[in-house]
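Data block below; observations after.
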Amino acid sequence: MKNQYLCKIYDNVKAKNLNEPEFLQAVYEVLNSIEPYVNENSNLEKNGILERFVEPERMITFRIPWVDDQGKVHVNRGYRVEFSSAIGPYKGGIRLHPTVNQSIIKFLGFEQTLKNSLTGLPMGGGKGGSDFDPKGKSDLEIMRFCQSFMNELYRHIGPNTDVPAGDIGTGAREIGYMFGQYKKLKNEFTGVLTGKGLSYGGSLGRTEATGYGLCYYTNKMLEVMKNTSFKNKKVIISGSGNVALYAMQKAQELGAIVIAMSDSNGYIYNEKGLNFKFLKELKEVKRLRISEYLKFDDSTTYVSCSKDIWKVKCDIALPCATQNELTLDDAKILVSNGVIAIGEGANMPCTLEATDYFIKNEILFGPAKAANAGGVMVSGFEMSQNSMRYAWSFEEVDNKLKTQMENIFLEVLECATHYNDKYNFVLGANISGFKKVANAMIAQGVC
Ligand code: NDP
């Protein structure tokens with residue numbers, strides 16, 4: 001990064017947020033890659049665009065007291081970052097995981113701003129969550145936690161203000177409890193959350209959207225850049241949650257053989273391919289660990305180290321678990337094993353060094369904010385359907401998702417090509433997303 005304005009912005013962000021490594025990582029990646037655009041647009045500095053772009057509009061932290069089944073009181077910390085409303089109401093998921101802290105919520109909210117811009121829909125950027133661990137909790141404990149979370153959050157959100165959704169640890173069950181509490185507190189039935197159940201305003205296709213969208217994006221990238229597709233490719237997918245599971249299903253529908261998947265304890269491997277139905281039953285219905293898959297299929301191997309999944313030889317890798325799960329060492333192994341494409345299903349799963357390594361080696365690299373935008377895109381469709389008091393069919397949602405994910409890839413490619421960096425889809429996605437946000441900020445004056 002040579003541009004003085006960019007260097008000054010990054011130094012300031014660093015000085016103010018020294019103990020927020022994930023946030024600094026995300027900001028550095030974006031500032032570094034939008035340099036060619038910033039070089040040719042001096043009005044950005046005059047309008048203080050980057051100063052405002054890296055500072056959340058609002059950061060809320062709050063106490064979440066809840067009672068366990070034994071009657072003991074626990075307290076967790078809740079967060080909501082309302083990062084940018086330049087192009088629409090704040091929009092982004094709620095993460096429930098013991099590792100959640102302010103740095104992680106801010107990095108996710110910052111990334112979300114650009115991702116939402118790439119969808120072409122009028123949605124700003126936000127993110128929230130808590131250091132609460134849903135694992136091993138009873139349904140009633142989850143309900144009491146979600147109600148307490150909403151007891152504070154409800155005053156900050158609304159269908160035209162801030163519309164949260166799911167993320168790690170927050171699925172249909174948690175969204176249901178949060179929605180119920182919001183409705184009770186506000187006495188209104190509105191589309192204030194997305195990822196809702198189908199019987200109370202959810203959209204068909206939302207559950208599948210991020211994983212399916214990831215595959216539509218990756219398949220288009222393979223087709224345009226290498227004249228190939230998922231067909232007969234060996235695929236590994238980290239994680240076995242919402243994104244991973246539906247990426248598996250779509251990759252298989254597109255003809256791939258998904259040979260390895262993981263959770264935070266280990267990974268399963270089967271050269272002939274894993275079975276979607278078994279895994280869905282295991283993770284969505286029974287909520288068991290991935291090691292239990294062997295009870296469904298004893299020809300599968302379990303390795304009790306999730307990081308080692310990247311050592312499995314494959315054509316396509318889809319990291320769909322969490323941030324920084326794929327490092328430079330992992331990238332080197334994947335490349336030496338002949339990987340041709342990476343599609344980021346999780347947010348920032350590849351470290352900066354791993355990402356650079358893939359790009360330098362001309363491995364097709366789908367960055368998260370473009371490749372996993374399908375989830376928030378269908379959340380946007382859910383908001384539209386709620387406003388219209390109408391419901392589209394699954395096919396209608398899925399067709400729109402496919403078309404739009406392919407369009408995002410083409411827009412990213414066009415931008416990367418324009419800046420003579422054809423394989424740098426990080427640059428393409430960041431500049432494409434940033435341009436719209438910056439123009440909206442300039443148009444709206446200093447606010
Ligand atoms: P889920 O909670 O459904 O699943 C998360 C999966 O990742 C689980 O298999 C979990 O394993 C694994 N995981 C979590 N933390 C770690 C860790 N530290 N090390 C290894 N594995 C881990 O979450 P989602 O599938 O919804 O989200 C996954 C990623 O996708 C996140 O980065 C999220 O931000 C991103 N994303 C999600 C969207 C959505 O629509 N859901 C939209 C866009 C992005 P375990 O059970 O062992 O914890």
Side-chain angles (χ1 to χ4, degrees), residues 1-61 79-93 95 100-118 123-129 162 323-324 347-348 351-352 355 367-370 373 376 415 426-447:
M1 202 155 63
K2 295 194 186 96
N3 180 294
Q4 285 195 345
Y5 176 39
L6 285 169
C7 292
K8 188 182 79 187
I9 294 294
Y10 185 67
D11 287 347
N12 280 339
V13 176
K14 209 169 157 186
K16 280 191 186 169
N17 305 278
L18 252 187
N19 55 353
E20 297 185 358
E22 293 85 0
F23 179 54
L24 291 176
Q25 181 182 339
V27 170
Y28 182 84
E29 186 217 77
V30 170
L31 295 185
N32 189 39
S33 64
I34 63 173
E35 185 159 20
Y37 181 74
V38 174
N39 285 341
E40 47 187 43
N41 287 282
S42 56
N43 61 340
L44 296 172
E45 183 164 9
K46 181 166 165 272
N47 287 287
I49 293 300
L50 287 171
E51 288 83 340
R52 289 188 272 153
F53 178 64
V54 296
E55 186 69 30
E57 290 179 21
R58 194 172 297 112
M59 179 79 220
I60 304 150
T61 61
Y79 301 90
R80 185 74 187 164
V81 65
E82 296 182 333
F83 219 106
S84 168
S85 60
I87 62 170
Y90 311 107
K91 178 95 197 85
R95 178 174 291 193
V100 163
N101 57 34
Q102 181 160 302
S103 172
I104 288 178
I105 296 298
K106 277 170 67 182
F107 116 68
L108 289 165
F110 179 72
E111 289 282 292
Q112 194 80 43
T113 303
L114 295 176
K115 181 188 311 193
N116 293 0
S117 169
L118 283 171
M123 299 182 289
K127 201 81 189 188
D162 183 352
Q323 65 275 353
N324 291 328
N347 285 310
M348 207 168 75
T351 62
L352 286 173
T355 303
K369 61 176 71 70
V376 73
C415 184
V426 172
L427 174 150
N430 284 334
I431 294 183
S432 285
F434 175 70
K435 257 197 293 203
K436 290 176 216 161
V437 175
N439 288 340
M441 289 171 79
I442 292 171
Q444 290 169 34
V446 182
C447 56

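Rounding to the nearest 0.5 Å places CG of L108 at 4.5 Å from CZ of R95. Atom NZ of K8 sits about 10.5 Å away from atom CG of L6, to the nearest 0.5 Å. N17 CG to F107 CZ: the interatomic distance, rounded to the nearest 0.5 Å, is 14.5 Å. In this structure, the separation between CG on N39 and CG on N3 is 5.0 Å, given to the nearest 0.5 Å. Between the NZ atom in K369 and the OG1 atom in T113 there is a gap of 10.5 Å [rounded to 0.5 Å]. One finds the CD1 atom of I442 at 5.5 Å from the CG atom of L44 (value rounded to the nearest 0.5 Å).
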Item to check | Intermediate values then yes/no, side chain to side chain contact (heavy atoms under 4.5 Å, CB included), Q25 and Q323 | outcome: CA-CA 11 Å; Q25 181 182 339; Q323 65 275 353; over 6 Å; no
Next on the checklist: V38 vs Y5, test: side chain to side chain contact (heavy atoms under 4.5 Å, CB included). Steps then yes/no.
Outcome noted: CA-CA 9 Å; V38 174; Y5 176 39; 4.0 Å; yes
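Contacts of E22 classified as side-chain hydrogen bond (donor to acceptor under 3.5 Å, both in side chains), with partners at least two apart in sequence or in another chain: S103. For Y79, there are no ring-ring contact (aromatic ring centres under 6.0 Å, His included) partners, not counting sequence neighbours. When the salt bridge (charged side-chain N to carboxylate O under 4.0 Å, His left out) test is applied to E20, the partners found at least two apart in sequence or on another chain are K106.
Annotation for A440 and A86: closest pair CB-O, 3.6 Å, computed over non-hydrogen atoms. Closest approach of S432 to L118, counting heavy atoms only: CB-CD2, 3.7 Å. In this structure, A373 and K115 approach most closely via the heavy-atom pair CB-CG, 3.8 Å. For the residue pair I105 and G128, the shortest heavy atom distance occurs at CD1-O, 3.4 Å. For the pair I34 and I431, the tightest heavy-atom approach, listed with the atom from each and the gap, is CA-CG1, 3.8 Å. Taking all atoms of both residues into account, the shortest heavy-atom contact from R80 to G93 is NH1-O, 3.4 Å.
Taking 4.5 Å as the limit, every side-chain heavy atom of Q112 sits out of range of all side-chain heavy atoms of K91. Between E45 and L50, every side-chain heavy-atom pair lies at or beyond the 4.5 Å cut-off. Between V27 and K14, the closest side-chain pair of non-hydrogen atoms is not below 4.5 Å. Side-chain contact between M1 and I9 is absent, with no heavy atoms from C-beta onward closer than 4.5 Å. L24 places a side-chain heavy atom less than 4.5 Å from the side chain of Y10.
The closest side-chain donor-acceptor pair between E29 and N430 falls under 3.5 angstrom. For the residue pair T61 and Q102, no side-chain donor N or O sits within less than 3.5 Å of a side-chain acceptor on the partner.
Note: F83 and F23 have tilted aromatic rings, judged against thresholds of 30 and 60 degrees for the angle between ring planes. The aromatic rings of F110 and F53 sit tilted, their planes meeting at an angle between 30° and 60°.
A donor-acceptor contact shorter than 3.5 Å links the side chain of K436 to the backbone of S117. Distance alone, capped at 3.5 Å, places no donor-acceptor pair between the Y28 side chain and the L352 backbone. A donor-acceptor contact shorter than 3.5 Å is absent between the side chain of E82 and the backbone of D162. R52 places a side-chain N or O within 3.5 Å of a backbone atom of N47 that can act as its donor or acceptor partner.
In the displayed structure, E40 atom CD is contacted under 6.0 Å by more than 12 heavy atoms of other residues, nucleotides or ligands.
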